[in-house]
There are 2 protein chains.
Amino acid sequence: MSERNDRKSARATADLVAREANVSRVAVSRAFNPNASLKPEKRDRILQIARELNYTPDMAARSLVTRRSHLVGMIVPDVCSPWESQEIDTLTTALQAEGFATLLFKAKADFSMDHTLLTYMRGFNPDSVIAFTENVEPDVLTGFLDRAVPIYVIYDDGAQFADKSSSLYDRLLVRQRDGIEQAIALLQGYGVRRVAYLGGKRQSLANRERERMITEILAERGMQPPTVIDSDYTYDTAYRATLDLFRVEDGADAIFAANDVGAFGAIDALRHDLGLSVPGDVKVVGFDDIPQSHWKAYNLTTVRIDLEDRVRALVRLILRRLRNPEDGPLTETLGTRLVVRGTVG
Amino acid sequence: MSERNDRKSARATADLVAREANVSRVAVSRAFNPNASLKPEKRDRILQIARELNYTPDMAARSLVTRRSHLVGMIVPDVCSPWESQEIDTLTTALQAEGFATLLFKAKADFSMDHTLLTYMRGFNPDSVIAFTENVEPDVLTGFLDRAVPIYVIYDDGAQFADKSSSLYDRLLVRQRDGIEQAIALLQGYGVRRVAYLGGKRQSLANRERERMITEILAERGMQPPTVIDSDYTYDTAYRATLDLFRVEDGADAIFAANDVGAFGAIDALRHDLGLSVPGDVKVVGFDDIPQSHWKAYNLTTVRIDLEDRVRALVRLILRRLRNPEDGPLTETLGTRLVVRGTVG
DNA sequence: CATCAAAATGAAAACGTGTTCACTTACAAT
DNA sequence: ATTGTAAGTGAACACGTTTTCATTTTGATG
């Protein structure tokens, strides 16, 4: 019976707490706002009663007048990807500590950032939005700029973006050249002549950047241009693409994968289907350094983008913009470096 | 210049749209509420103008009067775990299609569902909450029942919970006995005598259930009780625990892991550190059937809990409760079955 | 004791929406 | 032409909070 009543009883409001504590509703509001001035003993008493009544300020009502929703929107094509799930996890933890909650949306698998989705999302008034899709068009985001909602686009190097309107947004710049150079130097040191690039998604900006950069560096070092095989960042596609490379095409001495998961697919195809040894017959290098990469079954040599650094930079950007929205856009830069393990030696 | 102004310009409100379209603000509200009655041509005109003005109803304001936030809270200890990330991904997609957004919170790694976190989360007024931590205490949730916010606790079999107050909540029941029986039958068929159970987190209810059930079934079949080794669902811990099992303890013929990732750790320890063959010397069975389990490097035989079924059942429960909150609690049941691959043959 | 600045207080006005409730219009049936 | 009914309309209120601003209380200073 009482359970039933409890269940139906309305949520405690500031008014109820005020009545119970013999103060005005304003005092209750102040008690929950740390920088408001209120007699300490009074605040304590209010908080005490609030706790007894299980009262929490209603975020919806608060955000209506504050213009701050304390929500950070994240748009993700695939939560299951180890790389993205790591990012979500770490970001959510960091933001949660700062009092922000994560609002998660799933984008279409083909990376197309739907306008409907953005509009829908805007209804929730996120204080900030993080787009994981690197290929998002700047003009799609433009409609978002009202009410000073800042957008952070994550992509790598992004020479293409440099002169476009995206300079309006805060950016995270990943300098992947260093890591790629180290990797190719290592491969060349082992006498590799024919490198294949196992690509990621066609639309992915990071993917195109990586392909361009690998081609460039190979040329600089007097090596022949890479054989490029298409894939989509997934294990299965990478597996099949690798089979094609060796059965239809004429193989390679080394495979440079656009991401670690793709490298796993390549390794398994080589070892379990083609009967080739890694790193004996073919060397493999990945990209990202996800936790699985140190698993003994793969023990992957890979270009590392430090997650901790990345998230720290991201949180720094977000909090800065939330605190003073009028500041000009800022760019944070991140480096990469090769982590040497067992798939090249 | 105009960019600057756009940026600062306030977001379009229903009032603005109404003024622009020469209708009352109420008409605008109705235009966005499909079941409200409004002359079709009028609605079209309003929607047209709304689109031009980039207007979307403010969810905060709407939820204030509707008592529906269209938010579904999810509490997750580790987004990176393949099992959980899959669940988040599929659930978010399904709920998004129904007009709900995912509000993501990270619980402490030790599974302790913090009361502070729940209180904080309640401030956002989620229409529903999904707790991935199976060990959450019912009384912690009780404070949540006001305002008819339903809670869905996910756990397996949960005999312990049957008679407790948790019968207040809708539940998802996973019948893992079938799958476990099939697995043990298969092992016995291959002449396995000594089975080790590589556990998950101590606090995890699912883990304790699995241990109990394995012990029970082994006894029923006249086999000796399992050696139980502690772990925490992670690769690294499982790896070390397996080393201990064979170096400190006296080994086993088969390892039954509490989850697939743990099984990977065991396999790698056996193959790359202990010099044992899988399945030649030791057979391995996992739990979950995550996508990685079919990767050739592991090719794991495992007890499958079908994700699609699971999410469908979950969404069914959530939507039902959202539509008529007064209904009594319901329990959905899910089966399990063994997926035979290469680690037992 | 008087005076004044500073701190604490509460009434009222927002914030942007959905909903009620009378009211008007439109249209078919008598 | 008249009635009856349904559908369409808009003014006013409600949702729970923060913020302003004028007012009261406090506490220290002369």
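Reminder, nothing fancy here: chain letters follow the sequence lines and each chain counts from 1. For the numbers below, each heavy atom of this structure counts, side chains included, while hydrogens, waters and symmetry mates do not. As the structure is a computational prediction, the values presented were derived from the model and not from experiment.
- Here Ser29(A) reaches the OP1 or OP2 of dT18(D): one of its side-chain N or O atoms lies under 4.0 Å away.
- Proximity of a side-chain donor or acceptor of Arg43(A) to a complementary backbone N or O of Arg30(A) within less than 3.5 Å is detected.
- Between the CZ atom of Arg43(A) and the P atom of dA7(C) there is a distance of 14 Å, given to the nearest Å.
- Atom-to-atom, CG of Asp58(A) to P of dG16(C) comes out at 16 Å; the value is rounded to the nearest Å.
- The side chain of Lys42(B) has dT9(D) as its nearest neighbour among dT17(D), dT9(D), dG18(C).
- For Arg62(B) and dT19(C), a side-chain-to-base donor-acceptor distance below 3.5 Å is absent, hydrogens and geometry of angles not being considered.
- Of the charged side-chain nitrogens involved, at least one lies within less than 4.0 Å of a carboxylate oxygen, so that Arg316(A) and Glu332(A) count as a salt-bridged pair.
- The aromatic ring centroids of Phe124(B) and Phe124(A) lie 6.0 Å or more from each other.
- Salt bridge Arg320(B)/Asp170(B): present, at least one basic N to carboxylate O contact under 4.0 Å.
- No donor-acceptor contact under 3.5 Å links the side chain of Arg68(B) to the base of dG18(C).
- With dT17(C), dT18(D), dT19(C) as the candidates, the nucleotide lying closest to the side chain of Asn33(B) is dT19(C).
- Atom CZ of Arg19(B) is separated from atom P of dG10(D) by 15 Å (rounded to the nearest Å).
- Nearest nucleotide to the Lys39(A) side chain, out of dA8(C), dA12(D), dT18(D): dA8(C).
- Across all strands shown, Thr13(A) has heavy atoms under 4.0 Å from sugar-phosphate atoms exclusively, and none from any base.
- Distance CD (Glu41(A)) to P (dA7(C)): 17 Å, rounded to an integer number of Å.
- When rounded to the nearest whole Å, the span between CE of Met59(A) and C1' of dC15(C) equals 17 Å.
- Between the CZ atom of Phe32(A) and the P atom of dG16(D) there is a distance of 15 Å, given to the nearest Å.
- If you measure from atom CG of Leu38(A) to atom P of dT26(D), you get 14 Å, rounded to the nearest angstrom.
- Picking from dC15(C), dG16(C), dA12(C) the nucleotide with the shortest atom distance to the side chain of Leu64(B) gives dG16(C).
- The side chain of Val26(B) has dT19(C) as its nearest neighbour among dT19(C), dA12(C), dT17(D).
- Atom CZ in Phe124(B) sits about 14 Å away from atom P in dT17(D), given to the nearest Å.
- If you check the side chains of Ser85(B) and Ser85(A), you find no donor sitting under 3.5 Å from an acceptor.
- One cannot find a donor-acceptor pair under 3.5 Å joining the base of dG16(C) and the side-chain atoms of Arg67(A).
- A distance-only check finds no donor-acceptor pair linking the side chain of Thr66(B) to the backbone of Arg68(B) [under 3.5 Å].
- Residue Arg30(B) has its side chain nearest to dT20(C) when only dT20(C), dT26(D), dT18(D) are considered.
- Tyr55(B) comes within 4.0 angstrom of sugar-phosphate atoms only, judged by non-hydrogen atoms across all strands, and of no base.
- Relative to the side chain of Ser24(B), the nucleotides dG10(D), dG16(D), dA13(C) differ in distance, and dG10(D) lies closest.
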